[in-house]
Visitor: 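One structure, pasted below without further comment.
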Number of protein chains: 2
Amino acid sequence: MTVQQDIHSSGIPVLCLSCEARHRGACGALDPDHLVGLAKTSWRHKIEPGVKLIGDAEAVDSYSNVLSGVVKLTKSLSDGRQQIVGLQFAPDFLGRPFKVESPINAEAATVVSLCSFPKAAVERIMKEAPELEHRLFKQTLIELDAAREWMVTVGRRTAPEKVASFLLTIARNIDRTVDPAARSARFDLPLTRVDIADFLALRFETVSRQLTRLRADGIIRIENNRHVTVDNMSRLEQRCGG
Amino acid sequence: MTVQQDIHSSGIPVLCLSCEARHRGACGALDPDHLVGLAKTSWRHKIEPGVKLIGDAEAVDSYSNVLSGVVKLTKSLSDGRQQIVGLQFAPDFLGRPFKVESPINAEAATVVSLCSFPKAAVERIMKEAPELEHRLFKQTLIELDAAREWMVTVGRRTAPEKVASFLLTIARNIDRTVDPAARSARFDLPLTRVDIADFLALRFETVSRQLTRLRADGIIRIENNRHVTVDNMSRLEQRCGG
DNA sequence: GCCGAGGGTTGACCGAAATCAATGCTTTGG
DNA sequence: CCAAAGCATTGATTTCGGTCAACCCTCGGC
């Protein structure tokens, strides 16, 4: 099977240029002209949790689509304090347009599968096809909105509100093919308690206590530390503090 | 004087398409083809502090360049808790590509002068000239980096570190024509103590106390509540916590 | 002149989350 | 099987920044 066939048969939008509905997961309109040029030089790979994908101030020579799993974007202070500044889910795009270096670290939070493209090829096609740049621009705007929304959570919500907001974010992004307005949800937490704390600017003990409280209040159930069930999403939303 | 002459004589880059050095303030290479099309329909205006420029979930029908002054971008929770999620300085760009509504509020923090363009005109030219979209994309990437950098400050720095980081950010952005590596700095704070607190996710009393401490330690001087002098920038940097 | 509003500073006290510490539960590997 | 490591929970105590309150200064209006 060629790489291109592989991509087509997977049904996953890989650098899909013609599809507006990137958040629905399903993608019916791959543009063969652009895709072929990239697919020929693309490669897919599987990454284990904890593996670094992009290092702060290191050269980045490829762009990737997240096909499955979750990638965490982090920044650190020199004394080790860490902040997760973003999470990338399928089918998000990973890479730094117009710059050799990235100001952030990217690390696989779960097992991640990627479809990567040489940076030079992507940028060549971006010049020829404004639609590609347009799509990347739109993703960047979505990431900017998400970053600012998250700043409100990190800065102005209390610990209970932070944890509830986090669960809601995961429920809505871990599998974007499911209806974001669904009344209930089941999902695996893609992050450890330590990671959740680094995302929310809390300590892991605080995260643990707040999860315990949500469990005691009957809002969530947790099995095997990772598998979460939310029967009534609106009760969870009420805990997010508006 | 026509608007176009006005813009040219002002020396300020207004939707400048050909100039890479937007952070230097000076701009020698306005592209007449693109600029003229916009300048004909542009208008300049002066905004008083506190005036709302973009309301959350309101339609936005224009794009603007900040010519002078500072615009604060805010998000609020329903109970009134507020977070400043970004500051726009000259010659930043204000507006929401590809969307009618903006998920944030924008408000003049100081007296602000703007050069505005009808949304439709900008988007028409963006279609004809990929360079315009390219420039807006680059600004968005810079804003995304800034937002993520700020998330680290809001989430992981202590109150003293936050206030020091804030002063550094202002010193480096309030007038981008000055050397960012300068050993000393003098500038007017564009925000009240309340605004600074909303930016740093602190209370205004805490901001006040930390400023007092920096003053007592001889790192800054403050006159008239607003005018700040930093004799030794590296001493301020040491207080930012790495 | 007086008053009131807006912005700023400082002090006393309080509380939410951090810190320190003990313990349990899985998973992996010898 | 047991040991060790990684992850998670829970309790006791501390602390940083929040809260409440008093007071100052400046400016603009009557």
Side-chain angles (χ1 to χ4, degrees), chain A residues 48-50 72 77 79-83 107 109-111 153-167 188-217 220-228 239 241, chain B residues 48-51 72 77 79-83 107 109-110 153-167 188-217 220-228 239 241:
Chain A
E48 292 300 312
K72 53 181 182 177
L77 299 179
D79 65 359
R81 281 175 284 177
Q82 192 172 80
Q83 179 68 43
E107 187 183 317
T110 63
V111 172
T153 299
V154 167
R156 288 304 184 190
R157 285 193 227 259
T158 64
E161 291 167 353
K162 284 181 180 184
V163 173
S165 300
F166 169 76
L167 292 174
D188 279 338
L189 288 176
L191 303 181
T192 65
R193 303 295 188 266
V194 170
D195 282 339
I196 297 172
D198 280 346
F199 195 27
L200 296 170
L202 296 171
R203 295 288 140 172
F204 70 92
E205 297 97 323
T206 305
V207 172
S208 181
R209 279 183 242 274
Q210 296 307 330
L211 287 173
T212 300
R213 217 175 89 162
L214 287 171
R215 215 173 341 147
D217 294 350
I220 60 171
R221 274 173 290 144
I222 304 182
E223 291 151 66
N224 297 329
N225 282 341
R226 288 290 187 118
H227 192 75
V228 176
R239 300 248 171 162
Chain B
E48 292 300 313
V51 173
K72 53 181 181 176
L77 299 180
D79 65 359
R81 281 176 283 177
Q82 191 172 81
Q83 178 68 43
E107 187 183 317
T110 64
T153 299
V154 167
R156 288 305 186 190
R157 287 195 226 256
T158 64
E161 290 167 353
K162 283 181 181 185
V163 173
S165 302
F166 170 76
L167 292 175
D188 279 338
L189 288 176
L191 303 182
T192 65
R193 305 294 187 265
V194 171
D195 282 340
I196 298 172
D198 279 345
F199 195 27
L200 296 170
L202 295 171
R203 294 289 140 171
F204 70 94
E205 298 96 326
T206 305
V207 172
S208 180
R209 279 185 243 272
Q210 297 307 329
L211 287 173
T212 300
R213 216 173 88 157
L214 287 171
R215 213 168 348 139
D217 293 352
I220 60 172
R221 274 174 291 144
I222 305 182
E223 290 151 66
N224 298 330
N225 282 341
R226 289 292 187 117
H227 192 76
V228 176
R239 300 248 171 163

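The structure presented is a predicted model; accordingly, all values stated were derived computationally and were not measured. Chain letters run A, B, ... following the sequence lines, proteins first, then strands; residues in each count from 1.
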Visitor: Hey, does L211(A) reach any base, or is it just sugar-phosphate, or nothing, if we go heavy atoms under 4.0 Å?
Guide: nothing

Visitor: Are the side chain of K162(B) and the backbone of T153(B) linked by a donor-acceptor contact shorter than 3.5 Å?
Guide: no

Visitor: Would you grab the first and last nucleotide of DNA chain D (5' to 3') that comes under 4.0 Å of any non-hydrogen atom in chain A?
Guide: dA8(D) to dA12(D)

Visitor: With a 4.0 Å cut-off on N to O distance, would you call D217(A) and R239(A) a salt bridge?
Guide: yes

Visitor: Taking the side chain as every heavy atom from C-beta outward, state whether L167(B) and L189(B) have any atom pair closer than 4.5 Å.
Guide: yes

Visitor: Crowded around D79(A) CG? As in, over 12 foreign heavy atoms under 6.0 Å?
Guide: yes

Visitor: Looking at R156(B) and R81(A), would you say the former's side chain and the latter's main chain have a donor-acceptor pair under 3.5 Å?
Guide: no

Visitor: Summarise protein proximity over nucleotides 20-28 of chain C in one line of letters, 5' to 3': B for base, S for sugar-phosphate only, - for none, counting protein heavy atoms closer than 4.0 Å.
Guide: B--------

Visitor: Find the distance R157(A):CZ to dA16(C):P and express it as a whole number of Å.
Guide: 19 Å

Visitor: Mind checking if R215(B) touches a base, just sugar-phosphate, or nothing, with heavy atoms under 4.0 Å?
Guide: sugar-phosphate

Visitor: Is the phosphate of dA17(C), meaning OP1 or OP2, less than 4.0 Å from a side-chain N or O of R203(A)?
Guide: no

Visitor: Calculate the interatomic distance between R213(B) atom CZ and dT9(C) atom C1'; express it in whole Å.
Guide: 16 Å

Visitor: Might you confirm whether atom CZ of R213(B) has over 12 heavy atoms from other residues, nucleotides or ligands at distances under 6.0 Å?
Guide: no

Visitor: For Q83(A) and A201(A), work out which heavy atoms get closest and say how close.
Guide: OE1-CB, 3.7 Å

Visitor: Which comes earlier along DNA chain D counting from the 5' end, the contact point of R156(A) or that of N225(A), where each point is its nearest nucleotide?
Guide: N225(A)

Visitor: Excluding sequence neighbours, so at least two apart, what forms side chain to side chain donor-acceptor pair (under 3.5 Å) with N225(A)?
Guide: none

Visitor: If I take atom CD in residue Q210(A) and atom P in nucleotide dA17(C), what distance separates them, rounded to the nearest angstrom?
Guide: 7 Å

